[in-house]
Protein chains: 4
Amino acid sequence: MRPAQAIMACSLMITELLVSELTVPYHREMPKPKQAAGRPRDGQIDHAIARATREVLAERGYAKLTVDAVAARAGVGKAAIYRRFATKQEMIFAATVHDMEEPPPPDSGSLRGDLAAVCATIADQLGTAAPDVLHGLLADLHGDSALGARFTGTFIERERFVIDTVLDRALARGDLARRPDTAEVHAQLIGPIFFWLMILGGDRDQVPAFSRTVADTVAASLAA
Amino acid sequence: MRPAQAIMACSLMITELLVSELTVPYHREMPKPKQAAGRPRDGQIDHAIARATREVLAERGYAKLTVDAVAARAGVGKAAIYRRFATKQEMIFAATVHDMEEPPPPDSGSLRGDLAAVCATIADQLGTAAPDVLHGLLADLHGDSALGARFTGTFIERERFVIDTVLDRALARGDLARRPDTAEVHAQLIGPIFFWLMILGGDRDQVPAFSRTVADTVAASLAA
Amino acid sequence: MRPAQAIMACSLMITELLVSELTVPYHREMPKPKQAAGRPRDGQIDHAIARATREVLAERGYAKLTVDAVAARAGVGKAAIYRRFATKQEMIFAATVHDMEEPPPPDSGSLRGDLAAVCATIADQLGTAAPDVLHGLLADLHGDSALGARFTGTFIERERFVIDTVLDRALARGDLARRPDTAEVHAQLIGPIFFWLMILGGDRDQVPAFSRTVADTVAASLAA
Amino acid sequence: MRPAQAIMACSLMITELLVSELTVPYHREMPKPKQAAGRPRDGQIDHAIARATREVLAERGYAKLTVDAVAARAGVGKAAIYRRFATKQEMIFAATVHDMEEPPPPDSGSLRGDLAAVCATIADQLGTAAPDVLHGLLADLHGDSALGARFTGTFIERERFVIDTVLDRALARGDLARRPDTAEVHAQLIGPIFFWLMILGGDRDQVPAFSRTVADTVAASLAA
DNA sequence: CGGTAAGCGAGACGGTACGTCGAGTCTTATG
DNA sequence: CATAAGACTCGACGTACCGTCTCGCTTACCG
């Protein structure tokens, strides 16, 4: 096993670890693991809140979602929500983006193929999300640095890691002469899709084709 | 004068027209031009509001801006604001993005050069704006279709026109074999910059270099 | 022994009985006496609750007393409180007024002397209680008929019994020509003291003198 | 005109003054009298709030009155209420006891007659008020010193003034050898009625007769 | 002497009300 | 008429408490 492969294998394991940890629902104040004094939080309620949040979001949109509405629909007191989340935004964040996971794609044998796979996966996620929710969340990140940090840690960092992995592979494979800046690749790869969907309001059906074009372009540019 | 040049010249004139009209401050309900019965609106107040909006925005951020705060700082009644703008968002929109103008860049002689110029201009604008304001505005577009339409008409449509112009030139010049989809070019050109600045929170100093890279990549991809 | 004396003696015995029973702490739902399956209630806790209630009452006042605060200070779970008392008011009632007892005063030989003794005793009790607690309790009686009944049964009825006893003595002694209405005597005797302390916020030091004046006045009025 | 009469006449004028001033509705923050900039408060709303408060009080009782209910019934926003009153208690106070006025009774020619008149008037007021409201208010006075002061200033001070006036008359008339303590007379006169109505839950029909008894007793006691 | 029913501390639960705040509208008096 | 001031309605926010309900333990009595 060559060094690069070893590193990659290790990275994959870390990813698994991170992902599995993060699927445990986020709680405002995690009870200390040593022992659970008092009544433990009801897991049903976590799900009821998340589900209700998504439903209200779908029916009324981000701007018109109210905590009371979520509580009512979940059949839950408002206190149960605020015991879990410090703000409405945290709740929405947890309900919508928290458990997105993107394990790095299987090695397709070429940088171009790998990038296409990454791009397709993320494009799919972006295409699924409601644009108003994403924009609303993005807007609310500013001024709530805690949430901002978690957004970065969840979304951005994970995508970054995937891209890192793909670039490592290409380097190991010899597809790439030198390591490009990950953030630049990230922006060049995802930026166009994001812009197309979220700013231009482009057709979702054309995304797969467009995503392929973008991946090809980036691959070609990196190879040069 | 060849046809393409004629069209372009015409386009430029239309642009000028649009731009000049838009620098007249946006008013909710324009007093009928035939005669101004009663006291005319005070132009000073338009500026006071815009300035106050920008100041409050800078000091407290988009999310914490209140109409009362703007009115107080402008030394103006709230009614004076709502006589001009239907909503808070309109007011902010008018104060921040209203008068951005991008005439198509002078012909640099090559598609690559033109794209680089376009990209640099827009990157500059994007880099100047506060990210929270832009995200806030973007979020508020959903659910206010009037504002959404005006945003598209102002921002998107103008950029699109510029890109169209550049592509037309390239076609006329023979740099391009066939016309690519403008929206796709738009997304590929601006998307990465937008993503870099607004999502990744990337360094602004690196934007010019990155913008050049992006323009080169897109030019190369289109030429192929 | 004449009939009136016999009745009085009997009354006194009943009083003793009532009083002694009531010193057993009030419990919401007394375990059936036939057999105590399971762990018996911890008597320490009764006292801890009562003490904590009084302390919190003294420190924060009636209006700001919370059950959680009492539980915390008593080092006790809220459930232990609600196992004993149906409501917060019951708890406070039990902790503050429950064990007030007023055996009828020894026969002083005259109605005037007896009334003065009764008045002095009750005045002393009233002077000891915090005014906000008493008013709070009084306010909470309305709308909680169970507590209202117990308040009447404990406070009012006992005072009434004492006054009855004193009047019986006076009648037997020949100080009184005919039996006055007990409630009216009660009100005339205690009302002024109550009003002075609880409504006018009068000085406590003057209460003994005032109480004597009142007793004299009432005695004179009854004798006429 | 003898000195005592002159003083009394003067006192009466002051009373009128005080009373007339106090009928202007209490407002949290009185607009400065020099000029009313902005929209003035709507007097209709003052009345609507007071009326709604009284109705809700009558229907649901003091403990179950909510600000939302009052606002809803008055057809008024909660903000309009909180613009006028700092707390719920202030609102209730203003709606219930604010405008009680008791001008000193006409000179009946004797202390006994005057005291009877005073007693009857106050007994009538006390008999009209709902006991739960009065107790609730009394309880809430503690812990809100501002409200406590206003209660004293409104209720107590006014009754005290009336009693003072009556005592002055008796002194001038020669019915009284020396001036008794006003507070003690106050307590002896009103205390029994208050206690009868508010604590013993006595029959209201018997109040007039009882009130006469009390007045007689006090008059006799003072004359001695 | 071991089972079991009830007690216990801790703390989550559904509700309900609080008092605050902001948006957008309306009403004054003044220019 | 436009304006500054500020009151108006509406509706959401996040907090606080109440009285109830689990949890996992501990404790005394009964068989």
Side-chain angles (χ1 to χ4, degrees), chain A residues 31 35-42 44-45 64-69 71-72 74-88, chain B residues 31 36-42 44-45 64-69 71-72 74-89 91, chain C residues 31 35-42 44-45 64-69 71-72 74-91, chain D residues 31 35-42 44-45 64-69 71-72 74-88:
Chain A
Q35 80 166 7
R39 178 177 178 175
R41 291 201 183 149
D42 185 344
Q44 301 271 29
I45 290 183
K64 287 182 188 158
L65 174 141
T66 67
V67 176
D68 289 86
V76 141
K78 241 198 311 180
I81 292 178
Y82 281 107
R83 206 172 290 121
R84 289 169 169 77
F85 311 104
T87 62
K88 183 170 70 152
Chain B
R39 179 175 173 178
R41 287 198 187 154
D42 184 346
Q44 300 271 31
I45 291 182
K64 287 181 188 159
L65 175 142
T66 67
V67 176
D68 290 85
V76 142
K78 256 203 297 182
I81 291 177
Y82 280 105
R83 204 170 291 118
R84 289 168 169 78
F85 310 104
T87 64
K88 179 172 76 155
Q89 285 75 32
M91 178 188 75
Chain C
Q35 76 171 17
R39 177 177 177 177
R41 289 195 186 156
D42 184 344
Q44 300 271 31
I45 291 183
K64 287 181 188 160
L65 175 142
T66 68
V67 175
D68 289 84
V76 141
K78 254 201 302 179
I81 292 178
Y82 280 105
R83 206 171 290 120
R84 289 166 168 78
F85 310 103
T87 64
K88 181 171 74 153
Q89 284 75 32
E90 294 272 10
M91 178 188 74
Chain D
Q35 80 166 9
R39 178 178 178 176
R41 292 204 181 145
D42 185 344
Q44 301 271 31
I45 289 183
K64 287 182 188 156
L65 175 143
T66 68
V67 176
D68 289 86
V76 142
K78 242 199 312 180
I81 291 178
Y82 280 106
R83 203 172 292 119
R84 290 168 167 77
F85 310 104
T87 64
K88 183 171 72 155

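Below, read A as the first sequence line, B as the second, and so on, with proteins coming before strands; counting in each chain starts at 1.
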Protein and nucleotides 8-11 of chain E: nitrogen or oxygen contacts under 3.5 angstrom:
residue	atom	partner	partner atom	Å
E:dC8	OP1	C:Asp42	N	3.1
E:dC8	OP1	C:Arg84	NH2	3.0
E:dC8	OP2	C:Arg83	NH1	2.5
E:dC8	OP2	C:Arg84	NH1	3.3
E:dG9	OP1	C:Gly75	O	3.2
E:dG9	OP2	C:Gly77	N	2.8
E:dA10	N3	A:Arg39	N	3.4

Contact nearer the 5' end of DNA chain E, comparing B:Thr87 with D:Thr66
D:Thr66
Of C:Ala86 and A:Ala69, whose closest DNA chain F nucleotide lies nearer the 5' terminus?
A:Ala69
Once side-chain contact (heavy atoms from CB on, under 4.5 Å) is applied, do any residues pair with A:Lys78, and if so which ones, sequence neighbours excluded?
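Residues passing side-chain contact (heavy atoms from CB on, under 4.5 Å) with A:Lys78: A:Val67, A:Asp68, A:Ala71, A:Tyr82.
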If the condition is side-chain contact (heavy atoms from CB on, under 4.5 Å), which residues does C:Ala74 pass it with, not counting sequence neighbours?
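If we apply the side-chain contact (heavy atoms from CB on, under 4.5 Å) test to C:Ala74, skipping adjacent residues, the hits are C:Ala48, C:Ala52, C:Val76.
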Whole-Å gap separating [atom2] ([N]) and [atom1] ([X]):
X: C:Asp68; N: E:dC13; atom1: CG; atom2: P; value: 15 Å
X: A:Leu65; N: F:dC13; atom1: CG; atom2: P; value: 7 Å
X: B:Met91; N: E:dG22; atom1: CE; atom2: C1'; value: 13 Å
X: C:Gln44; N: E:dG7; atom1: CD; atom2: P; value: 17 Å
X: B:Ile81; N: F:dT3; atom1: CD1; atom2: C1'; value: 13 Å

Of the non-hydrogen atoms in A:Arg83 and A:Arg41, which two are nearest, and what is the gap between them?
O-NH2, 3.5 Å
Please determine whether a side-chain nitrogen or oxygen atom of C:Tyr82 lies at a distance below 4.0 Å from atom OP1 or OP2 of F:dT20.
no
Indicate yes or no: at least one non-hydrogen side-chain atom of C:Lys88 is less than 4.5 angstrom from one of C:Thr66.
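The answer is no, as the side chains (C-beta and beyond) never meet within the 4.5 Å cut-off.
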Give, for atom CZ of B:Arg84 and atom CD1 of B:Ile45, the distance between the pair rounded to the nearest 0.5 Å.
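The CZ atom of B:Arg84 sits 5.0 Å away from the CD1 atom of B:Ile45.
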